[in-house]
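Some notes on the structure that comes next.
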Amino acid sequence: MIEVWAPRAERVRMRRQGHPDLEMAAGERGWWTADVELVDGDEYGFVLGDGDALRPDPRSRRQPRGVHEASAFFDTSAFAWSDRSWTGRQLAGGLIYELHVGTFTPEGTLDAAIERFDHLVSLGVTHVELLPVNGFNGVWNWGYDGVLWYTVHEAYGGPAAYQRFVDAAHAAGLAVIQDVVYNHLGPSGNYLPEFGPYLRDAARNTWGLSVNLDAREVREFIVENTLMWLRDYHVDGLRLDAVHALHDESPTHILQEIAEAADALSAHQGKPLTLIAESDLNDPTLILPREAGGYGLTAQWSDDYHHALHVAVSGETVGYYEDFGALGALPKVWTEGFFHNGTYSSFRGRDHGFPIPPTVPTWRLVTFGQDHDQIGNRATGDRLSQTLSTDRLAVAAVLTLTTPGTPMLFMGEEWGASTPWQFFTSHPEPELGEATAKGRIEEFARMGWDPAIVPDPQDPETFRRSKLDWAEAVTSPEVGVDHARLLQLYRDLAALRRERSELTDPAFADCDALAGSGPDGEDPRARWFVLQRGALSVLVNLTGASHTFAVAPDAVILLHTGAAGAAPVIAEAAPGQGSTDAASVITLAPDSAAIVAPARS
């Protein structure tokens with residue numbers, strides 16, 4: 001039985017190659033059905049009204065020739081899964097690795113990504129997060145221009161390759177998180193409004209018309225899509241894109257509906273299923289239990305942690321970074337989660353955010369020093385590695401992997417990749433491509449950037465430049481970033497996070513922080529920090545000179561970022577050195593960090 005929701009059509013025909021068009025029967029609430037059995041690979045589509053244009057199935061699992069052409073039936077049950085013994089991975093204590101399939105490897109496919117699982121496992125990664133893989137127009141794209149949410153982009157290998165990817169990930173001990181977009185539809189190939197009121201005609205968000213969450217069938221379309229990934233493709237979790245753009249005034253928010261459905265499936269499958277929201281609201285309601293009036297999602301991203309870390313290592317205080325130039329910014333996100341938790345945001349021109357209750361586990365915030373947005377939405381898509389020294393990148397690594405939250409890395413960050421990650425599209429329509437490029441350039445020109453340096457998103461070279469260069473991961477050039485040293489540091493930090501329980505302790509109450517300015521006074525990139533996780537201390541010196549920290553008498557150095565032969569030492573405090581009750585001190589060179597804790601008996 002084939003069915004489609006098309007309340008805006010007075011007539012619906014199903015079209016298959018080699019068969020006459022089949023009139024579909026109208027049912028209740030705009031549903032149309034046809035008594036047809038398809039087999040794997042059968043191509044089909046729908047013709048609406050009295051026209052002759054073929055439209056793909058809104059719930060199509062495969063689009064072999066793109067989003068404008070016929071759908072192909074894909075039988076998800078035909079795959080021979082080998083992950084029967086997989087019991088999943090909880091997010092608590094995890095390490096997420098965010099990647100874009102098209103630029104992660106030279107081939108840009110799911111099968112090629114499988115070949116890099118050994119690298120991820122050796123790094124200590126527990127969860128692989130894929131940027132959206134749903135159907136979009138063109139060959140390459142970030143994935144957020146999707147128009148067919150149930151498909152897997154054919155250039156990545158299609159749905160069969162996706163099943164192989166998830167199965168291989170589980171065999172390697174890796175959980176898979178899929179980034180999904182439910183707040184808008186892309187600009188090309190979006191035929192859903194011809195079928196029904198998927199979008200609100202009078203309500204818009206940043207990317208266009210907002211999704212119509214007033215329609216029950218649209219809500220079911222979204223909830224069933226989440227279950228498809230989790231159930232049919234064995235995915236372990238979802239990252240829900242920009243949930244602040246979901247305009248929902250119903251008694252039960254769509255996020256709560258998704259969480260309830262995922263929890264029910266999790267109970268049935270007997271393994272954890274993770275839901276992570278990207279939200280601009282700084283609202284803990286998303287992650288509070290439903291019993292406490294929340295939506296019951298697993299976690300949410302914390303851009304505030306990124307902003308505080310970014311300012312600390314780079315000194316950049318333009319735009320939304322301005323407020324994070326405050327001396328107390330990094331200590332606040334370390335101890336409270338959100339920087340803006342009811343405080344005034346100069347970027348927004350109003351008070352913003354809400355406090356996180358101290359009983360919420362710290363791991364419910366996903367924190368990072370770099371991600372696809374914070375790199376790709378810069379004018380030239382420059383990573384920290386393109387402006388910072390190896391020493392400063394090493395400090396950023398420490399701040400990323402000792403976070404009280406759940407740390408996330410962006411592909412290539414672990415070796416200080418020199419390749420940028422730029423905004424790229426491949427719209428086949430010339431007018432849409434020109435409009436995209438023009439809009440991008442004008443956006444950065446308004447912010448004071450030289451338009452000449454903004455890459456054309458439609459230029460194929462913009463996409464190619466963004467591909468990782470895996471050869472550099474093991475190099476230590478005489479000039480520039482020491483990639484091999486940085487990669488080893490990330491591995492050591494991830495191992496230490498597994499070894500020391502303080503680094504996965506979920507209690508905000510066990511987090512403390514101090515900060516001070518260096519010789520340059522209020523320069524935001526010249527500060528020192530003492531960041532505590534219980535008895536473990538993360539000591540950071542970003543001043544322009546050596547800095548001495550007081551430490552416990554029985555403290556030992558667990559890790560430091562200095563180059564070989566430049567290890568700091570813990571020494572007895574001289575008179576007047578350190579705090580009055582400290583018997584020992586450690587002196588750190590500029591742009592370095594160390595992790596210390598009492599010796600274990």
| Looking at the rings of Phe423 and Phe463, which for Trp means the six-membered one, are their centres under 6.0 Å apart? | no
| message | Students often mix this up, so state it plainly: with edges at 30° and 60°, are the rings of His307 and Tyr320 parallel, tilted or perpendicular? | response | parallel
| message | Under a 4.0 Å threshold between the charged nitrogen and the carboxylate oxygen, would Asp280 count as salt-bridged to Arg348? | response | yes
| task | Establish, yes or no, whether a centroid distance under 6.0 Å links the rings of Trp5 and Phe221. | result | no
| task | For the residue pair His153 and Tyr156, categorise the inter-ring angle as parallel (less than 30°), tilted (30 to 60°) or perpendicular (more than 60°). | result | perpendicular
| message | Under 6.0 Å from the ring centre and within 45 degrees of the ring axis: does the NZ or CZ of Arg55 meet both conditions for the six-membered ring of Tyr191? | response | yes
| task | Considering only NZ, NE, NH1 and NH2 on the basic side and carboxylate oxygens on the acidic side, decide whether Glu224 and Arg59 come within less than 4.0 Å. | result | no
| query | Less than 4.5 Å apart, any side-chain heavy atom of Trp140 and any of Thr103? | reply | no
| Mind checking whether Trp81 and His234 have parallel, tilted or perpendicular rings, split at 30° and 60°? | parallel
| query | Does CD belonging to Glu431 count more than 12 external heavy atoms closer than 6.0 Å? | reply | yes
| Trace of the salt bridge (Lys or Arg N to Asp or Glu O under 4.0 Å) decision for Asp248 with Arg219 | CA-CA 10 Å; Asp248 188 5; Arg219 299 173 76 90; 3.0 Å; yes
| Using 30° and 60° as the class limits, which term best fits the ring planes of Trp415 and Trp470: parallel, tilted or perpendicular? | tilted
| message | Below 30° counts as parallel, above 60° as perpendicular, anything between as tilted: where do the rings of His253 and Tyr295 land? | response | parallel
| field | Proximity of Phe368 and Trp301 rings by center, below 6.0 Å | value | yes
